[in-house]
Amino acid sequence: MQPLNNDTFLRALLKQPVEYTPIWMMRQAGRYLPEYKATRAQAGSFLDLCKNTELATEVTIQPLERFALDAAILFSDILTVPDAMGLGLYFAEGEGPKFERPLQTEAAIAKLQTPDMARLQYVFDAVSSIRRALNGRVPLIGFSGSPFTLACYMIEGGGSKDFRTVKTMLYSRPDLLHKILSVNAEAVTAYLNAQIDAGAQAVQIFDTWGGVLSDAAFEAFSLRYMKQIIAGLKRENEGRRVPVVLFAKGGGLWLEKMAESGADALGLDWTCDIGQARSRVGGKVALQGNFDPFALFGTPEAIRAEAARILAGYGSGSGHVFNLGHGINQHTSPEHAEILVNAVHELSRPYHR
């Protein structure tokens, strides 16, 4: 593998000195880009795109051809892991992901086991292919959903507005939910380690639905299992540290607890004040975030002003990776995304002198 030409992202995650605040955007490869839509049409379906090494590589690289981003993120989906467990993932037009065989009986849960990683070889092939295509331009991020977030889809059978099925299990049969979470944690650990072996230079755990839990339930049913994963991850590869980012949407209440998880950085959604977050974690971890994705629908002046506000909020020194507070919206103007990337690079330099 080629040495990195730009390792600003990795250095910021480890709170090492940088010349400017690095930026990447969650879902930076996706439907807001016309070139992505063209490749997606060529692939036939979203899952076919994920499973086609050449096309997954192509869409991962597409945003880097447009914007001066400081990291690439593997193009895949968090539900590849439960799909490999045999739950029958499919995407209904206009409805998002669904499972043919959700985990809604004790018998189904008893049969659940960690999948053979060979069933996910297409993901690892994509990681290796993307690394070759990047040729040292920027680092590559691998990722997985958290055990709880995966369990939400596995139990509900798809997305949910109220998470009634999974929460009913949590409060009526916590033993069954813990069984699912335990299997998921083992699977995610193996999955992320295989991504690291294939060439991922940092990994992110997405706890998209952790914020729907009560304080006690977050610790028992989400954070506990993310800590288990982090403890089992390979933290060195190719002669350097592999940083781990933990992102819990709606998790601003638990930053202090998450800072003790063993992660190198915490992702923040847009509801947190980044200066207060920095103070609360006490320098234990770097922070990633936390621009509201819908602020990209503002004027160019408003986009720059919001970027400036967040950079000023974090203040001087390393340890901040600029990002959105969640994924970029599909209706976002690519020109507005470019304004943000350029603004962060320009406006952050005085904070790193």
Side-chain angles (χ1 to χ4, degrees), residues 1-26 28 63-64 66-74 131 134-143 196 199-204 235-247 255 258-259 262-268 270 272-291 303-325 337-353:
M1 296 292 186
Q2 287 291 107
L4 273 170
N5 300 323
N6 175 1
D7 66 351
T8 310
F9 166 71
L10 296 179
R11 283 188 283 132
L13 287 180
L14 299 175
K15 304 196 301 294
Q16 296 168 355
V18 291
E19 296 75 46
Y20 60 87
T21 301
I23 176 172
W24 68 280
M25 297 180 290
M26 288 188 265
Q28 65 190 26
L64 302 176
R66 272 189 184 259
F67 317 125
L69 295 160
D70 295 289
I73 183 164
L74 162 71
R131 273 296 302 277
L134 285 169
N135 199 29
R137 190 193 304 196
V138 292
L140 175 61
I141 306 164
F143 71 91
I196 293 166
Q201 291 149 294
V203 292
Q204 178 157 317
R235 303 302 282 275
E236 299 276 339
N237 198 38
E238 300 177 55
R240 70 186 299 161
R241 175 100 169 161
V242 179
V244 178
V245 183
L246 187 55
F247 172 68
L255 293 180
M258 289 194 291
D264 298 282
L266 301 181
L268 305 176
W270 60 88
C272 293
D273 177 278
I274 197 165
Q276 291 175 12
R278 187 180 189 184
S279 173
R280 285 169 60 195
V281 300
K284 286 181 182 161
V285 289
L287 295 174
Q288 180 178 276
N290 64 333
F291 189 94
I303 292 167
R304 282 179 60 87
E306 183 63 3
R309 183 189 70 78
I310 291 168
L311 290 166
Y314 185 84
S316 297
S318 190
H320 180 203
V321 171
F322 203 100
N323 206 318
L324 310 181
E338 184 171 25
I339 289 165
L340 176 64
V341 173
N342 294 341
V344 169
H345 285 161
E346 175 198 338
L347 299 173
S348 65
R349 288 184 183 273
Y351 296 105
H352 298 282
R353 285 178 183 151

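Along the sequence shown, the residues carry numbers beginning at 1.
Between the side chain of Gln201 and the backbone N or O of Leu140 there is at least one donor-acceptor pair closer than 3.5 Å. A donor-acceptor contact shorter than 3.5 Å links the side chain of Tyr314 to the backbone of Gly319. A donor-acceptor contact shorter than 3.5 Å is absent between the side chain of Asp70 and the backbone of Thr8. A donor-acceptor contact shorter than 3.5 Å links the side chain of Ser318 to the backbone of Gln16.
Here the CG-CH2 distance, from Asn290 to Trp270, works out to 10.0 Å after rounding to the nearest 0.5 Å. Note: Arg349 CZ to Leu311 CG = 12.0 Å, rounded to the nearest 0.5 Å. Atom CZ of Phe9 is separated from atom CG of Leu4 by 11.0 Å, given to the nearest 0.5 angstrom. The distance from the CG atom of Leu14 to the CG atom of Asp7 is 9.5 Å, given to the nearest 0.5 Å. Atom CZ of Arg280 is separated from atom CG of Leu266 by 10.0 Å, given to the nearest 0.5 angstrom. Annotation: the span from Leu134 atom CG to Arg137 atom CZ amounts to 6.5 Å, rounded to 0.5 Å.
Not counting sequence neighbours, the partners of Gln276 by the side-chain contact (heavy atoms from CB on, under 4.5 Å) test are Asp273. Among residues two or more places apart in sequence or in another chain, the side chain to side chain donor-acceptor pair (under 3.5 Å) test is passed with Asn323 by none.
The shortest heavy-atom contact between Leu340 and Phe291 is CD1-CE1, 3.7 Å. Contact between Pro243 and Leu13 at its shortest, heavy atoms only, is CB-CD1, 3.7 Å. Between Gln28 and Ile73 the shortest heavy-atom distance is NE2-N, 3.9 Å. The shortest heavy-atom contact between Gly267 and Val245 is N-CG1, 4.0 Å. Contact detail for Phe143 and Leu74: the closest heavy-atom pair is CE2-O, 3.1 Å. The two residues Ile141 and Ala71 come nearest to each other via the heavy atoms CD1-CB, 3.7 Å.
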Begin with the C-alpha distance, continue with both residues' side-chain angles, and end with the deciding distance and a verdict on side-chain contact (heavy atoms from CB on, under 4.5 Å) for Leu255 and Leu287. CA-CA 10 Å; Leu255 293 180; Leu287 295 174; 5.7 Å; no
For Thr21 and His352, run side-chain hydrogen bond (donor to acceptor under 3.5 Å, both in side chains): C-alpha distance rounded to whole Å, both residues' side-chain angles, the deciding distance at 0.1 Å, then the answer. CA-CA 8 Å; Thr21 301; His352 298 282; 2.8 Å; yes
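Counting heavy atoms from C-beta on, the side chains of Tyr351 and His320 never come closer than 4.5 Å. Residues Val203 and Ile196 meet the side-chain proximity criterion, which asks for heavy atoms closer than 4.5 Å.
The side-chain hydrogen bond (donor to acceptor under 3.5 Å, both in side chains) test with Asp264 is passed by exactly one of Arg235, Gln288, Lys284: Arg235.
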